[in-house]
Amino acid sequence: MRLDKYIAEAAQCTRSESREMIRAGRVSVNGAVCKRPDQQVSEVDEIGLDGQSRTHQDFVYIMLNKPEGVVSASSDRRDTTVVDLVRSAYPRRELFPAGRLDKTSTGFVLLTDDGAFAHDILAPRRHVPKTYRVTLDTPLTREMAEGFAAGVTLADGLELSPAQVTPLSADGLTVRVVLRQGVYHQIKRMFGVYGAGVNALHREAIGSVWLDDALAPGQWRELTAAEVAEIAVR
Ligand code: URA
């Protein structure tokens, strides 16, 4: 690709800003200053900006700890969205959440601008497991656990695939649920079948990647290449 495009994407600036940087002699290609914005470069070239190596990223993949009250959307007229929380760091990326959490739910939301990746991990045939910590208003019963394992039929007749539920606390009020599909309000509706209400719902993991403990609500970090690969290929 052209050098000005590479720099604009790597430094998250506009094309005209990147051209200015190039013409000002701030950009090097394989160790030599290059002042030509139309210079063709590829992955094998070592690109520097102000003496620092800059790697081009085709796509970004972000692990966000969604706080309560934030909506899983790219934009919203009323509410703060998950994308609003990271937008200032990626002003030129068209980010969106790959999978949604309810406004009241918290935890791991994956933001990306890689449509094919998102499509792939959300595809029903892929069954990427999602792990949730759920606080109930009624203790977990054997009937619920057996029902989840067999596949719950929701009030509207929708038959869900099997899901795992295990207690995390001795009183049975905090449980872990692993789902392999994504139906609107799925966990709340599944427990609703047994007359149990959900007081809190936190997504802990997508595939085998767990939400980083170091991320407080509202904080985020980019996924490592190994984490992206773990989610994408199982
Ligand atoms: N199931 C729900 O009911 N809500 C969520 O946010 C996620 C799964």
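All ligand and atom numbering here is 1-based and tracks the order in the structure. This chain uses plain numbering: 1 for the first residue, then up along the sequence.
Connectivity analysis of hydrophobic side chains (ILVMFWY, heavy atoms under 4.5 Å, direct or indirect) links Met21 to Met1, Leu3, Tyr6, Ile7, Ile22, Val27, Val29, Val41, Ile47, Leu49.
For the salt bridge (charged side-chain N to carboxylate O under 4.0 Å, His left out) test, residues two or more places apart in sequence or in another chain that qualify with Lys188 are Asp102. Considering only residues two or more places apart in sequence or on other chains, Arg100 meets the salt bridge (charged side-chain N to carboxylate O under 4.0 Å, His left out) condition with none of them.
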- Message: Glu230 vs Ser208, test: side-chain hydrogen bond (donor to acceptor under 3.5 Å, both in side chains). Steps then yes/no.
- Response: CA-CA 7 Å; Glu230 260 182 62; Ser208 55; 2.6 Å; yes

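By the 4.5 Å heavy-atom criterion applied to side chains, Leu179 and Met190 are counted as neighbours.
Residue-level contacts of ligand 1 at the 4.0 Å heavy-atom threshold are Leu101, Asp102, Ser105, Tyr132, His185, Gln186, Ile187, Lys188, Leu201.
Side-chain contact check for Gln186 and Tyr132: no donor-acceptor pair (N or O, by modelled atom type) lies under 3.5 Å.
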